[in-house]
There are 2 protein chains.
Amino acid sequence: MAPRKKRTNDPEGMRRRVLDVAEGAFQARGYHASSLGDLMAAAGVTGGALHHHFPTKKALALAVIEERVAAAVQKTWIDPMLAASSAREGVRAVFEAVAAELERQGYVRGCPLNNLAHELSLADDEFRLALAKIFAGWRRAIADKIRADQQDGGEGGTDPDRFAALAVAAYSGAMSMAKTSQDAGVLRECLRGLESVHPSSGGLAMRRRRRVLLR
Amino acid sequence: MAPRKKRTNDPEGMRRRVLDVAEGAFQARGYHASSLGDLMAAAGVTGGALHHHFPTKKALALAVIEERVAAAVQKTWIDPMLAASSAREGVRAVFEAVAAELERQGYVRGCPLNNLAHELSLADDEFRLALAKIFAGWRRAIADKIRADQQDGGEGGTDPDRFAALAVAAYSGAMSMAKTSQDAGVLRECLRGLESVHPSSGGLAMRRRRRVLLR
DNA sequence: TTATAAACAGACCGGTTGTCCTGTTTTGTC
DNA sequence: GACAAAACAGGACAACCGGTCTGTTTATAA
């Protein structure tokens with residue numbers, strides 16, 4: 001009786017559990033509002049174990065950013081973009097999918113990347129750089145897709161980097177508003193607006209087209 | 001000699017000084033990262049005085065949101081929009097002005113509204129509502145300007161609410177990226193993208209135009 | 001087995017945080 | 001001038017935070 005407690009070392013599992021809890025807490029409450037005590041309790045982890053895997057709170061946040069936030073962007077945006085038949089179709093699909101998912105769960109927690117970016121970018125350069133890297137990869141994926149479309153004969157005069165920047169900005173801003181109003185509708189509104197983006201006048205697109213025509 | 005210290009009650013001035021400091025600190029470091037001790041020291045205010053004007057930290061933040069953040073949006077966006085010759089020109093002017101200002105000061109602190117919205121929207125419903133109200137007024141100002149343009153014969157098939165949502169989202173998201181990369185250039189990229197928004201196909205615009213043509 | 005390091009437990013500590021409370025001074029009113 | 005209320009000063013405090021420290025248990029390799 002009184003079965004002796006048996007401990008089983010599972011470093012990877014413990015690390016994963018901590019990251020799971022931290023990812024959720026940072027997303028829902030933010031970095032500063034999440035205490036290590038809360039995380040320890042939620043993950044069922046002692047202080048010694050937590051400190052063993054993540055010496056400081058900053059190290060934990062950095063791991064969340066580099067492993068979890070980056071992965072979330074990859075899964076939500078980059079993978080669907082690679083799989084899409086075109087850049088525009090990919091953007092549309094992601095907006096729709098996210099809006100539908102938010103409406104299904106009836107609650108908007110916001111974009112993980114943007115949430116942390118706002119709170120941590122000015123606090124620490126290491127945070128800022130890690131976050132900026134994810135933004136850059138996100139934009140690059142969209143721009144590359146536009147370029148691929150153009151090699152296939154589509155997307156005539158659209159400037160890839162410009163469209164990518166606008167798509168990411170529109171999504172980020174729309175999520176910000178959706179979070180504040182707790183209503184995913186604005187995502188769809190912004191998508192409709194995005195779909196009206198065409199290189200019809202001015203800018204680099206015009207210049208490019210002209211050059212081609214003069215040849 | 002030893003001139004007796006004379007105190008002069010100046011409730012409004014003291015309140016203003018506290019709000020000034022709090023506005024700056026919340027913007028630069030965020031709500032949770034700004035302690036009342038820091039604010040008191042920076043404003044040269046004692047605990048008693050602070051507590052007299054703002055019973056809790058939350059009350060202070062609410063005042064910052066309702067008085068300062070709302071005023072900032074009014075000054076930066078709504079007033080220029082009202083003064084502009086058209087909605088598109090107004091949006092362009094604001095983007096350019098903000099980008100130029102950021103480049104002048106060589107530092108991007110981000111959008112006050114978005115900064116606080118991300119940190120506080122999920123923390124407290126009172127915060128969230130106050131912030132949502134400012135977002136709504138911002139979008140309404142732009143949409144109203146589009147409607148005014150349409151009454152003057154311009155902006156044919158542009159959907160006012162849709163364009164307004166996209167403009168606000170693009171600005172918010174662009175500022176988010178600018179803050180993270182500490183580079184205002186993305187603001188200009190997004191502006192160029194926004195300028196390519198025309199009601200040329202799909203959506204309500206298409207339906208409207210078709211209806212006109214069929215008459 | 002034995003040595004060796006990694007993995008984990010849990011108490012501990014100095015510093016900070018937001019708030020409250022008791023006084024004192026100033027201001028307005030009769 | 002008397003008096004009440006507002007404005008302000010400043011200390012006290014309990015809760016909490018992040019980090020450190022020491023000690024124990026588990027896994028690994030010789």
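- Contacts between residues 27-44 of chain B and DNA chain C, defined by a heavy-atom separation below 4.0 Å, involve B/Ser34, B/Ser35, B/Leu36, listed by number.
- Contacts between residues 48-61 of chain B and DNA chain D, defined by a heavy-atom separation below 4.0 Å, involve B/Gly48, B/Ala49, B/His52, B/His53, listed by number.
- In this structure, the CE atom of B/Met14 is 14 Å from the C1' atom of C/dT27, given to the nearest Å.
- Although no hydrogens or angles enter the test, the distance criterion places no donor-acceptor pair under 3.5 Å between the side chain of B/Arg29 and the main chain of B/Ser34.
- Remark: P of C/dG23 and CZ of B/Arg7 are 17 Å apart, rounded to the nearest angstrom.
- Between the side chain of A/Arg139 and the backbone N or O of A/Ala164, no donor-acceptor pair lies under 3.5 Å.
- The CG atom of B/Asp10 sits 14 Å away from the C1' atom of D/dA6 (whole-angstrom rounding).
- A salt bridge is defined here as a Lys NZ or Arg NE, NH1 or NH2 lying under 4.0 Å from an Asp or Glu carboxylate O, and A/Arg147 with A/Asp161 meets this definition.
- Listed for the A/Gln182 side chain is no donor-acceptor partner under 3.5 Å among the backbone atoms of A/Tyr107.
- For residues 44-70 of chain B, the pairs satisfying salt bridge (Lys or Arg N to Asp or Glu O under 4.0 Å) are B/Arg15-B/Glu67, B/Asp20-B/Arg68, B/Glu23-B/Arg68, B/Lys58-B/Asp124, B/Lys58-B/Glu126, with sequence neighbours left out.
- Look at A/Arg192 and A/Glu189 and you find no salt bridge, because none of the NZ, NE, NH1 or NH2 atoms lies under 4.0 Å from a carboxylate O.
- Of the candidate nucleotides C/dG10, D/dC8, D/dT24, D/dC8 has the atom lying nearest to any side-chain atom of B/Pro11.
- Atom CG in A/Asn9 sits roughly 11 Å away from atom C1' in C/dA9 (whole-Å rounding).
- Taking the six-membered ring where the residue is Trp, the centroids of A/His118 and B/His118 are separated by under 6.0 Å.
- Listed for the B/Ser176 side chain is no donor-acceptor partner under 3.5 Å among the backbone atoms of B/Ser172.
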